[in-house]
Amino acid sequence: MSTDIAVRRTVAEVLDHVWENRSTIESRNAYAMMLLALARENPNLACLTADMNFEDHFAVELPRQHVDLGIAEQNMMGVAAGMTVSARPVFANGMSPFAIARAYEQIKIDVAGANLPVKIVGTHAGLASGHYGPTHHSLEDIGMTRMLPNMTVVAPADAWETAQATVAIAEDPGPTYLRLGRQVTAPLYEERAAFVLGRARVMREPGRVLFVATGPHPNLVAAQAARELAVQGVSAGHLNMHTVKPLDREAVLHASANAEVVVTIEDHRALGGLGAAVCEVVAEVGGPPVRRIGVPDIHYDLVGGEEYLLHHAGITVSNAVTQALDVLA
């Protein structure tokens, strides 16, 4: 992992550093840097981990604020909930497929049900660890967590947004699921802008087509698809829905008001996640048709690199363009 994490920086300095190096920093490293900076300023912040290694610098510098529970995600969630008696907030870190699916009962009752300030951070989300096979695919986590009461669900688009989101969820009083990938992805932003939980970012003004995306790869797909449609003379808007819950209903309704089709894009099953959330909003007002791009409703038992699996699942620019033009035609 990057030695940048060990450098002593304030929260403001981490934001500056991540912005300046956003094209080379993994989101999980941006998160780890920011978590350490926040913990230096707040001695009541606690970091729990399920045998991960990107918090190693945290453990060395702030051992009294760190506990490694080992590969025991269910136990970690119970411990995290209990620690909120004396520590606030508590960050519980693990690989997404295990931090959510394996520990779901504990999250449902002990964290969300009790409305405690536990921040669950799942790395390797979506198809990021597809090379390990279906045991490491995390394709149901958005749907599972957005169904829980009190739970905020955040999927940042790049390292810069991850650093901002980490600050925001630390200040939020309730439970949160922060969904991160594994590798460096191209930055989405060209200019610094404020991050607000629950408020979508308009990346491109509304048009005949509206792309709504969450997470790094889907937002890059949406941005490129909108540009390609513009070349063909078709106006297309793009919303970065970094917060899937609470969903920014106003942004969706405003951006889709004059759209002829909405296309949602996510590195998640097409069922239950962002696409379902957007459909719920649009259907209530009799809005335009919605096409959902995500992993199909099959047992996705493929093994391969992230890019290969994304392409196989149709989470691509060409499919996004095709889906939009198919409805317009």
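Excluded from the calculations below are hydrogen atoms, water molecules and symmetry mates; all remaining heavy atoms, backbone and side chain alike, are included.
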Exercise. Looking at Pro288 and Ala259, what are the two nearest heavy atoms and their distance?
Worked result: CB-O, 3.5 Å
For this session: Mind checking the CD1-CD spacing from Ile315 to Glu307? Nearest 0.5 Å is all I need.
Result: 10.5 Å
For this session: Please determine if Glu161 and Arg201 form a salt bridge, counting it only when a charged side-chain N lies under 4.0 Å from a carboxylate O.
Result: yes
Exercise. In terms of hydrophobic clusters joined by side-chain contacts under 4.5 Å, are Met34 and Val7 together?
Worked result: no
Problem set entry | Nearest heavy-atom neighbours spanning Ala324 and Val261 | O-CG1, 4.0 Å
Exercise. Is there side-chain contact between Phe211 and Ile265, with heavy atoms separated by less than 4.5 Å?
Worked result: yes
Exercise. Same hydrophobic cluster for Leu328 and Val317, using side-chain heavy-atom links shorter than 4.5 Å among ILVMFWY?
Worked result: yes
For this session: Count the heavy atoms of every other residue, nucleotide or ligand shown that sit under 6.0 Å from CG of Asn258, and state whether that count exceeds 12.
Result: no
For this session: Establish, from distance only, whether the side-chain atoms of Ser138 and Ser96 form a donor-acceptor pair under 3.5 Å.
Result: yes
Exercise. Quick one: does Val14's side chain get under 4.5 Å of His17's, heavy atoms only?
Worked result: no
For this session: Measure the shortest side-chain to side-chain distance between Met144 and Lys108 over non-hydrogen atoms and say whether it is less than 4.5 angstrom.
Result: no
Exercise. Can you check whether Val154 reaches Val244 side chain to side chain, under 4.5 Å on heavy atoms?
Worked result: no
For this session: For residues His312 and Tyr300, establish whether the separation of their ring centroids is below 6.0 Å.
Result: yes
For this session: Decide yes or no for Leu210 and Leu239: does some side-chain heavy atom of the first lie under 4.5 Å from some side-chain heavy atom of the second?
Result: yes
For this session: Evaluate the salt bridge (charged side-chain N to carboxylate O under 4.0 Å, His left out) criterion for residues Arg40 and Glu61: first the C-alpha distance (whole Å), next the side-chain angles of each, then the deciding distance (0.1 Å), finally the verdict.
Result: CA-CA 9 Å; Arg40 293 184 188 118; Glu61 183 178 332; 2.6 Å; yes
Problem set entry | Proximity of His242 and Phe195 rings by center, below 6.0 Å | yes
Exercise. Does one hydrophobic cluster hold both Ile100 and Met77, with members joined at side-chain heavy-atom distances below 4.5 Å?
Worked result: yes
Exercise. Is any side-chain N of the basic residue among Asp141 and Arg146 closer than 4.0 Å to the acidic one's carboxylate O?
Worked result: no
Exercise. Hey, is Asp16 close enough to Arg9 for a salt bridge, meaning N to O under 4.0 Å?
Worked result: no
Exercise. Does the side chain of Leu48 come within less than 4.5 Å of Asn93's, by heavy atoms?
Worked result: no
Exercise. Does Glu284 CD have over 12 foreign heavy atoms under 6.0 Å away?
Worked result: yes
Exercise. How about Glu205 and His238: does a side-chain donor come under 3.5 Å of a side-chain acceptor?
Worked result: no
For this session: Using a strict cut-off of less than 4.0 Å between a Lys/Arg side-chain nitrogen and an Asp/Glu carboxylate oxygen, indicate whether Arg269 and Glu140 qualify as a salt bridge.
Result: yes
For this session: Flag the pair Asp172 / Thr152 as yes when at least one side-chain heavy-atom distance between them is below 4.5 Å, and no otherwise.
Result: yes
Problem set entry | Verdict with reasoning, Asn219 to Tyr189, per side chain to side chain donor-acceptor pair (under 3.5 Å) | CA-CA 11 Å; Asn219 268 294; Tyr189 292 95; over 6 Å; no
Problem set entry | Cluster overlap Val153 with Met147, hydrophobic side-chain contacts below 4.5 Å | yes
Exercise. Should Met83 and Val85 count as side-chain neighbours, where that means a heavy-atom distance under 4.5 Å?
Worked result: no
Exercise. Among Val278, Ile293, Val282, which residue meets the side-chain contact (heavy atoms from CB on, under 4.5 Å) test with Thr264?
Worked result: Val278
Exercise. Same hydrophobic cluster for Leu139 and Phe98, using side-chain heavy-atom links shorter than 4.5 Å among ILVMFWY?
Worked result: no
For this session: Fit a plane to each ring of Trp160 and Trp19, take the angle between them on a 0 to 90° scale, and name the class: parallel (under 30°), tilted (30 to 60°) or perpendicular (over 60°).
Result: perpendicular
